[in-house]
Amino acid sequence: MSSKRETKASGEKLHCTACGTKSDPSDAFCRKCGAPLGDAKPNGKKRGLTGLQAFGLVIIALAVIYAAFNYGGSDQAPPSERIPLGEISGSGQAAPQPLTPRAAADALFNQALTAHESGDPAEAQRLVPMAIAAYEELESIDPDGRYHLALLSMAAGRPNDALAQADTMFVLVPEHLLALAVSARAYEALGDDEQAADRWQRFLDAYTPEIAASRQEYMDHGRALPLRRDAAERFLREH
């Protein structure tokens, strides 16, 4: 009965299946790596991979490809955990800044005039005095702020206060369109048609050159000025 040992005794050199080192037929273990030589092949070829080994190599290859795809070319390690959305303030937007005194006054002005013009007297009565006080507390008031104060005074039923604001604006710009318009309306409210006609006529005479001056307050009230021009023409036709 022949054995593996007898097969090896044929004199043919064997090769270790682990490292490929030649060994004598009588060797039971590789002289270099110590691997068993029971399955050594004369041609030095290693045994093929088992199904489990092949599957393991596929998994490793896929893991390497995934890592290269997601993190390749980056000096940073993969994040250990996600950042909760709640920790990102304002959903990535800057936190809102507090209003300046002038911005707060303008916001009150818009709310008060909206309530007045939409026919909400209770809300207008509440907001108009607050808006007036907000402007009066400012360190300085530009022509646009004076015009706002004049409109608020008209909404409060105080046309004389509106005239006072217009007069202050005339000191800076004698033919200021917004001052002429609000003072004309104030005289109408006082029943002084002669003075109202005078202010409306001055408004029409100054309209073209003043519009060309491109004052900031004219641009801010760009939709109102054509309406005031129509009101001036209509008043002068009727009076």
Side-chain angles (χ1 to χ4, degrees), residues 89-91 93-193 195-200 202-203 206-207 210-211 213-235 238:
S89 176
S91 299
Q93 298 179 357
Q97 298 299 316
L99 292 178
T100 64
R102 174 57 190 270
D106 288 345
L108 279 171
F109 164 78
N110 289 330
Q111 294 177 38
L113 264 291
T114 298
H116 175 71
E117 294 174 359
S118 63
D120 189 351
E123 187 69 358
Q125 187 176 5
R126 184 180 72 87
L127 292 173
V128 167
M130 294 172 58
I132 291 175
Y135 282 106
E136 290 177 342
E137 290 176 1
L138 298 176
E139 293 183 0
S140 61
I141 308 176
D142 59 9
D144 186 55
R146 295 286 178 188
Y147 178 62
H148 290 180
L149 265 174
L151 292 179
L152 290 167
S153 297
M154 293 293 295
R158 305 199 310 245
N160 284 316
D161 290 349
L163 288 174
Q165 295 300 329
D167 288 342
T168 304
M169 296 170 68
F170 289 139
V171 173
L172 299 175
V173 181
E175 299 301 299
H176 199 292
L177 293 179
L178 297 177
L180 288 169
V182 75
S183 61
R185 293 175 60 194
Y187 279 122
E188 286 186 47
L190 291 170
D192 191 338
D193 292 346
Q195 287 289 348
D198 176 71
R199 296 298 170 93
W200 281 130
R202 286 172 58 186
F203 176 90
Y207 191 87
E210 276 296 303
I211 289 295
S214 300
R215 304 185 193 280
Q216 182 60 49
E217 56 268 29
Y218 293 169
M219 290 184 280
D220 292 341
H221 298 278
R223 290 190 300 174
L225 287 171
L227 297 176
R228 298 293 178 262
R229 181 180 58 186
D230 294 342
E233 294 173 345
R234 183 170 57 254
F235 184 89
E238 295 174 356

Before you tell me yes or no, could you show the steps for Arg146 and Thr168 under side-chain hydrogen bond (donor to acceptor under 3.5 Å, both in side chains), namely the whole-Å CA-CA distance, both residues' side-chain angles and the distance that decides it to 0.1 Å? CA-CA 8 Å; Arg146 295 286 178 188; Thr168 304; 4.8 Å; no
Separation of [Y] [atom2] from [X] [atom1] (nearest 0.5 Å):
{"X": "Met154", "Y": "Arg185", "atom1": "CE", "atom2": "CZ", "result": "5.5 Å"}
{"X": "His148", "Y": "Glu217", "atom1": "NE2", "atom2": "CD", "result": "9.5 Å"}
{"X": "Leu138", "Y": "Thr100", "atom1": "CG", "atom2": "OG1", "result": "8.5 Å"}
{"X": "Leu225", "Y": "Met219", "atom1": "CG", "atom2": "CE", "result": "11.5 Å"}
{"X": "Asp161", "Y": "Leu149", "atom1": "CG", "atom2": "CG", "result": "9.5 Å"}
{"X": "Tyr187", "Y": "Asn160", "atom1": "OH", "atom2": "CG", "result": "8.5 Å"}

Evaluate the criterion side-chain contact (heavy atoms from CB on, under 4.5 Å) for residue pair Leu172 and Asp142; output intermediate values, then yes/no. CA-CA 10 Å; Leu172 299 175; Asp142 59 9; over 6 Å; no
Which heavy atom in [X] sits nearest to a heavy atom in [Y], and how many Å separate them?
{"X": "Val182", "Y": "Ala150", "value": "CG2-CB, 3.7 Å"}
{"X": "Ala166", "Y": "Ala179", "value": "CB-O, 3.7 Å"}
{"X": "Pro129", "Y": "Ala124", "value": "CD-O, 4.1 Å"}

Is the distance from the ring center of Phe170 to that of His176 below 6.0 Å? no
Tell me whether Gln125 at atom CD has more than 12 heavy atoms from other residues, nucleotides or ligands lying less than 6.0 Å away. no
Does a side chain donor of either [X] or [Y] reach within less than 3.5 Å of an acceptor in the other side chain?
{"X": "Asp220", "Y": "Gln216", "answer": "yes"}
{"X": "Trp200", "Y": "Glu188", "answer": "yes"}
{"X": "Ser183", "Y": "Arg199", "answer": "yes"}

Using a 4.5 Å cut-off on heavy atoms from C-beta on, say whether the side chain of Leu178 contacts that of Pro143. no
If we only count heavy atoms from C-beta on, is the Leu163 to Leu190 side-chain gap below 4.5 Å? yes
Given the rule in the side-chain contact (heavy atoms from CB on, under 4.5 Å) test, do Ile132 and Arg158 qualify, once you have shown the distances and angles that lead to the verdict? CA-CA 12 Å; Ile132 291 175; Arg158 305 199 310 245; 3.6 Å; yes
Inspect the contact between Arg102 and Asp144 and indicate whether a charged nitrogen and a carboxylate oxygen are less than 4.0 angstrom apart. yes
Report all side-chain donor-acceptor pairs from residues 107-115 shorter than 3.5 Å, counting only partners two or more places apart or in another chain.
{"residue": "Asn110", "atom": "ND2", "partner": "Asp106", "partner atom": "O", "Å": "3.3"}
{"residue": "Thr114", "atom": "OG1", "partner": "Asn110", "partner atom": "O", "Å": "2.6"}

The criterion is side-chain hydrogen bond (donor to acceptor under 3.5 Å, both in side chains); which residues satisfy it with Glu210, sequence neighbours excluded? Arg215, Tyr218
Tyr147 ring centre to Arg228 NZ or CZ under 6.0 Å, with the angle to the axis within 45°? no
